[in-house]
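Heads up: the structure comes next, in structure tokens.
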2 protein chains.
Amino acid sequence: MAVTIKDVARAARVSVASVSRALNGHHSMTAATRKRILAAAKKLRYTPHSAARTLITRRTQTIGALLPDLHGEFFSELIRGIDLAARARGLHLLVSSSHGDAREAATALRAMLGRVDGLLLMSPHVDAGFLRQMRAELPMVLMNSPVKRARCAILNIDNYGGAFAMVQHLVASGRRRIALIGGPDGNFDAVERLRGYNAAMARFAPAIPTQVLPGDFTEEGGYRATGDLVANKLRPQAVFAANDMMAVGCLHALREAGVRVPEDIAVTGFDDVPFARLISPALTTVRVRIADFGAHALERLATMIEDTTDAAREKHAQLLGAELVVRQSCGAKELLVSSAVA
Amino acid sequence: MAVTIKDVARAARVSVASVSRALNGHHSMTAATRKRILAAAKKLRYTPHSAARTLITRRTQTIGALLPDLHGEFFSELIRGIDLAARARGLHLLVSSSHGDAREAATALRAMLGRVDGLLLMSPHVDAGFLRQMRAELPMVLMNSPVKRARCAILNIDNYGGAFAMVQHLVASGRRRIALIGGPDGNFDAVERLRGYNAAMARFAPAIPTQVLPGDFTEEGGYRATGDLVANKLRPQAVFAANDMMAVGCLHALREAGVRVPEDIAVTGFDDVPFARLISPALTTVRVRIADFGAHALERLATMIEDTTDAAREKHAQLLGAELVVRQSCGAKELLVSSAVA
DNA sequence: CTGAAAGCGCTTACAG
DNA sequence: CTGAAAGCGCTTACAG
């Protein structure tokens, strides 16, 4: 990192201003000088000092991603998608993950200020109040956030549409009494999936009462909820677990109770985690294209950064599609249906 | 970001030099001035401009992580561990993942130069030649790398010890004819696991010939290898798949062939991916503490950055322990054994 | 087309 | 203990 723009200028016998212009592709210069400068830069293996450039251009060429403490596959896919899209645009990626509470998230966010040109924000702690307090002038994209009408863009997964499609599918394959094992209170994904379930039930099985069991997104929670179901002989024709882990717990409980899946009852999940197709019976579930989700969010942020005017009207919320993945656990023929496309 | 050190100086009626000293905790100043300065900074919500600071201190307070295209759980755990350790030290984390080839990795690395104080490098493309070409003066920690005697620190997972412990366990529980389904050619993890298998067989079952089947770390590969085994009636007492995915394929193939696990044959894996305990029979495997691996690597890098002299003698390779996780698929009683500790 | 100069926001010897 | 000044490496009006 010892070679600076001065060295290049000296080698090419021009001013540093000309070196800067040549390297940044300004056109007002003779082809000969430009060539000489570029050659000198190459020969000296010159790399501009990014801090110096940032200091004057006010651009870091870096975007920040503030992420919650996510479980495996989802998190890695998300970063992969973001990273791919960022690299394609020549942007760097500063990440910060696992924030237990709002204070930690705020600290992490503040630490990023000045180091990034924009922010991808995904955190259960990021709500309207949080954002108001931050009052950062930075372009931001909220991912999977419950916040409405924020001053920044929002990109959500279509949890509602995915759950809706699942219920529709179950009804179409002959199951009308469908119970839902819900997610944790206040969890945005859980709330949206519940909304989708309720809406689809009202639409496709209006005569049937809905049946919602409390859950918490853990295997144990799915096991417990199903145990209650079996004990009370409230046997629905299908159990829709709001995520795959709970569906696994549900399957265990049913096996112990001697209830056959899918003959006696259908079981479905949400997420399509890697093991969903490995367990038996293979799990019917809803898949989210997570890498696309990340890439999409980055594209949107990049657009906001580049074009302030365009960004202004981009501030409505967008949804990213989820698709039904039909396997053995629901007893229907396999097929794959998109719920929506962003 | 509009408020600068000048504004604080003006508000506190001192020079910018004094503001800088107060904020950086220099001691040569009266408590009164310091207090006045700190109060002014707080009131104005002053945050030092990191680029300006970097330009002069030559420190970015950021470390870079160059990672391969990893599968889910491993990658996310790794980043989680790195991020946690980095945050504890007030360091930022710049990540770049999924590099298909050596050229992409080189480009990514070069792009990070000047933006980071040190580098965590984990990539199948990072070999001795690659490093020589880079000749970066940056502190680096190679993670899970086959490179020997590099000028930088190396931190590896104890694949050898884990595989060794697995074979030892199988022999101890009465299985002597143990076949290994290997990983892809040239894969460092695979090579080390094979070494561990060979060494343990030589040690604990010296009279028994080793039996290594080609594999590729995919479920399909495990299925194929096991198919050959069954077709040729070369029935060992145990199959040790070099990763969990292949063990899953192996279990499928055995089920199809009507071979019972663990009664007729033991099956074990490596990695302890989340579904390992969910399939049936639950898989005996080797677990690696991935988050610790990441945190450890970061600590080591931070030490190198802070203390150049100490770093010099830290350059030997270190191993991070793997532990045996015994479940149903090997037919032994459950227990958990550490293979080694870093 | 090209250069001299100012300035981005900081830190740090150097004086006093 | 405190300040004036130089300088980190770049970019960009402003002249010519």
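Protein chains get the first letters and strands the later ones, always in sequence-line order, with residue 1 at the start of each.
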At a cut-off of 3.5 Å, list every protein nitrogen or oxygen paired with a nitrogen or oxygen from nucleotides 10-12 of chain C, distance to 0.1 Å.
unit_1	atom_1	unit_2	atom_2	d
C:dC10	OP1	B:Y46	OH	2.5
C:dC10	OP1	B:H49	N	2.9
C:dC10	OP2	B:I5	N	2.4
C:dC10	OP2	B:Y46	OH	3.4
C:dT11	OP1	B:N24	ND2	3.2
C:dT11	OP1	B:R53	NE	2.8
C:dT11	OP1	B:R53	NH2	3.2
C:dT11	OP2	B:S20	OG	2.6
C:dT11	O5'	B:S20	OG	3.4

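A:N144 and A:F293 get closest at one heavy-atom pair: N-CZ, 4.0 Å. Contact record, B:N156 with B:M143: OD1-C, 4.1 Å, taken as the closest heavy-atom pair.
Taking atom CG of A:L55 as the reference point, atom C1' of C:dC8 lies 4 Å away to the nearest angstrom. Across the protein-nucleic acid pair, B:R115 atom CZ and D:dG9 atom P stand 17 Å apart, rounded to whole Å. Between B:R59 atom CZ and D:dC8 atom P the separation is 19 Å, expressed in whole Å. Atom CZ in A:R36 sits about 15 Å away from atom P in C:dC1, given to the nearest Å. When rounded to the nearest whole Å, the span between CD1 of B:I37 and C1' of D:dG3 equals 12 Å.
With distances taken from any side-chain atom of B:T30 to the nucleotides D:dC1, C:dG9, C:dA4, the minimum falls on D:dC1.
Across the strands present, D:dA13 finds no partner; the criterion is a Watson-Crick or G-U wobble pair with both atom distances under 3.5 angstrom. Pair assignment for D:dA4 gives none, since no Watson-Crick or G-U wobble pairing has each distance under 3.5 Å.
Among the heavy atoms of the strands, none lies under 4.0 Å from A:T54.
The backbone N or O of B:D117 lies less than 3.5 Å from a partner atom in the side chain of B:T60, making a donor-acceptor pair.
Side-chain contact check for B:Q61 and B:R53: no donor-acceptor pair (N or O, by modelled atom type) lies under 3.5 Å.
Remark: B:D7 engages B:R10 in a salt bridge, criterion side-chain N to carboxylate O under 4.0 Å.
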Less than 3.5 Å apart, which donor and acceptor atoms pair up between the side chains of residues 11-19 of chain A and the rest of the protein, not counting sequence neighbours?
unit_1	atom_1	unit_2	atom_2	d
A:S15	OG	A:A17	N	3.4
A:S15	OG	A:S18	N	3.3

